[in-house]
Colleague: 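Have a look at the structure that comes next, please.
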Amino acid sequence: MENTESLVRNYLKRPEVQVMQLATVRDGQPWVCTVHFWADDSMSFYWVSNPETRHSQEIEDGCKAAIAVVVNSVGKPIGIQAEGDAYLVEDMAELQRGAAGWASRHNRSTDLGVKRLYKFAPRLVTLFDTQSFPQDPRKVWHL
């Protein structure tokens, strides 16, 4: 049986797993939105967004974040949740690499126009997998 880390990594590479819910908070008020993401081999999650959106502004102000990814919602549910930090990507090398990975995953251009690339770096990942672990589906992975 695969371990939690390898299951999470494999689930995130599935072609049908392309969106995540992103939660941010400002002044104690949470906000959640849905974004198309790409996760790299170091478990950094990237997405492209307009800097004028609420979640982008909250990230640029500096906030903690959480994500949720639905892997399977029919039959035996599988989901990935994580908590960590979200950032505006400003390093040019990371920007190019992250934009290329995101664009390839979603068949889009690497030209972001007015949009910006953002990154989520998880500290804690929780896998809820009733398929692989029917008796105890909640598995925690500390990064």
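Nothing here was measured: the structure is a model prediction, and the numbers come from that model. Along the sequence shown, residues are numbered consecutively beginning with 1.
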Colleague: OG1/Thr24 to CG/Leu22 distance, rounded to the nearest 0.5 angstrom?
Modeller: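 Separation between the atoms: 6.0 Å.
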Colleague: Quick check: do Val35 and Cys33 have side-chain heavy atoms less than 4.5 Å from each other?
Modeller: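 Result yes, sub-4.5 Å side-chain heavy-atom pair found.
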Colleague: Side chains of Met43 and Trp141, heavy atoms from C-beta outward: is any pair under 4.5 Å?
Modeller: yes
Colleague: Starting at OH of Tyr87, measure out to CD1 of Ile59 and round the result to the nearest 0.5 Å.
Modeller: 11.0 Å
Colleague: Looking at Phe133, I'd like to know if the NZ or CZ of Lys139 sits under 6.0 Å from its six-membered ring centre while staying within 45 degrees of the ring's axis.
Modeller: yes
Colleague: Tell me whether Arg26 at atom CZ has more than 12 heavy atoms from other residues, nucleotides or ligands lying less than 6.0 Å away.
Modeller: yes
Colleague: If the threshold is 4.0 Å, N to carboxylate O, is there a salt bridge linking Arg116 and Glu60?
Modeller: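 No.
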Colleague: For side chain to side chain contact (heavy atoms under 4.5 Å, CB included), just list the numbers for His55 and Trp47, CA-CA rounded to whole Å, side-chain angles, deciding distance to a tenth of an Å, and then say yes or no.
Modeller: CA-CA 12 Å; His55 60 274; Trp47 69 95; 4.1 Å; yes
Colleague: Is the shortest side-chain heavy-atom distance between Trp31 and Glu58 below 4.5 Å?
Modeller: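 Trp31 reaches Glu58 side chain to side chain.
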Colleague: Shared ILVMFWY cluster between Ile67 and Val89, side chains joined below 4.5 angstrom?
Modeller: no
Colleague: Atom CZ of Arg138 and atom OG1 of Thr130: how far apart are they, to the nearest 0.5 Å?
Modeller: 15.0 Å
Colleague: Any side-chain donor-acceptor pair under 3.5 Å between Asn3 and Ser6?
Modeller: yes
Colleague: Begin with the C-alpha distance, continue with both residues' side-chain angles, and end with the deciding distance and a verdict on ring pair (Phe, Tyr, Trp, His ring centres under 6.0 Å) for Trp38 and Tyr46.
Modeller: CA-CA 5 Å; Trp38 169 68; Tyr46 295 91; 5.6 Å; yes
Colleague: If you look at every heavy atom in Pro30 and Arg54, which pair is closest and at what distance?
Modeller: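 Looks like O-NH2, 3.9 Å.
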Colleague: Gln57 and Glu52: which non-hydrogen atoms are nearest, and at how many Å?
Modeller: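 Residues Gln57 and Glu52, closest heavy atoms: NE2-O, 3.1 Å.
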Colleague: Got a donor-acceptor contact below 3.5 angstrom from the Ser104 side chain to the Gly101 backbone?
Modeller: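 Absent.
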Colleague: Find out if a path of hydrophobic residues (ILVMFWY) with successive side-chain heavy-atom gaps under 4.5 Å connects Leu88 to Trp102.
Modeller: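 Looking at the clustering, Trp102 is in a separate group from Leu88.
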Colleague: Do Phe45 and Pro122 come close enough that some side-chain heavy atom pair is under 4.5 Å?
Modeller: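 Yes. Closest side-chain heavy atoms under 4.5 Å.
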Colleague: Looking at CG of Leu143 and CD of Glu83, how far apart are the two atoms once the value is rounded to the nearest 0.5 Å?
Modeller: 11.0 Å
Colleague: Would you please say whether a donor-acceptor pair under 3.5 Å links the side chains of Asp40 and Ser42?
Modeller: yes
Colleague: How far does CD of Glu16 sit from CD of Gln18, to the nearest 0.5 angstrom?
Modeller: 8.5 Å
Colleague: Under a 4.5 Å cut-off applied to non-hydrogen side-chain atoms, are Ser49 and Lys115 in contact?
Modeller: no
Colleague: Looking only at heavy atoms, which two atoms of Leu12 and Ala39 are closest? And how far apart?
Modeller: CD1-CB, 4.1 Å
Colleague: Under a 4.5 Å cut-off applied to non-hydrogen side-chain atoms, are Val69 and Val17 in contact?
Modeller: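 Yes, at least one pair of side-chain atoms sits under 4.5 Å.
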Colleague: Which heavy atom of Tyr118 sits nearest a heavy atom of Ser56, and at what distance?
Modeller: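 Shortest heavy-atom contact: OH-CB, 3.3 Å.
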Colleague: Is Ser132 reaching over with its side chain to a backbone N or O of Asp129, donor-acceptor style, under 3.5 angstrom?
Modeller: no
Colleague: Is there a path of hydrophobic side-chain contacts, each under 4.5 Å between heavy atoms of I/L/V/M/F/W/Y residues, joining Val32 to Phe37?
Modeller: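 No: no chain of side-chain contacts under 4.5 Å links Phe37 to Val32.
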Colleague: Same cluster for Leu112 and Met92 if Ile/Leu/Val/Met/Phe/Trp/Tyr side chains link at under 4.5 Å?
Modeller: yes
Colleague: Can Met20 be reached from Val48 by stepping across I, L, V, M, F, W or Y side chains whose heavy atoms are under 4.5 Å apart?
Modeller: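 No, because Val48 and Met20 fall into different hydrophobic clusters, even though each may have its own neighbours under 4.5 Å.
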Colleague: Taking NZ, NE, NH1 and NH2 as the nitrogens, is one of them in Asp85 or Arg123 under 4.0 Å from a carboxylate oxygen of the other?
Modeller: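 Salt bridge: yes.
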Colleague: Would you call Asp41 and Arg9 a salt bridge, using N to O less than 4.0 angstrom?
Modeller: no
Colleague: Where do Arg105 and Arg14 come nearest, in terms of heavy atoms and distance?
Modeller: NH2-O, 2.7 Å
Colleague: Check each of Val140, Ile80, Thr4 against Val125 using the side-chain contact (heavy atoms from CB on, under 4.5 Å) test, and report the only one that passes.
Modeller: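 Considering Val140, Ile80, Thr4, a side-chain contact (heavy atoms from CB on, under 4.5 Å) with Val125 is found only for Ile80.
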Colleague: I need the minimum non-hydrogen distance between Ala103 and Thr110, along with the two atoms involved.
Modeller: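 Scanning both residues, the minimum pair turns out to be CB-CG2, 3.7 Å.
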Colleague: Side chains of Tyr11 and Asn72: donor-acceptor distance under 3.5 Å anywhere?
Modeller: no
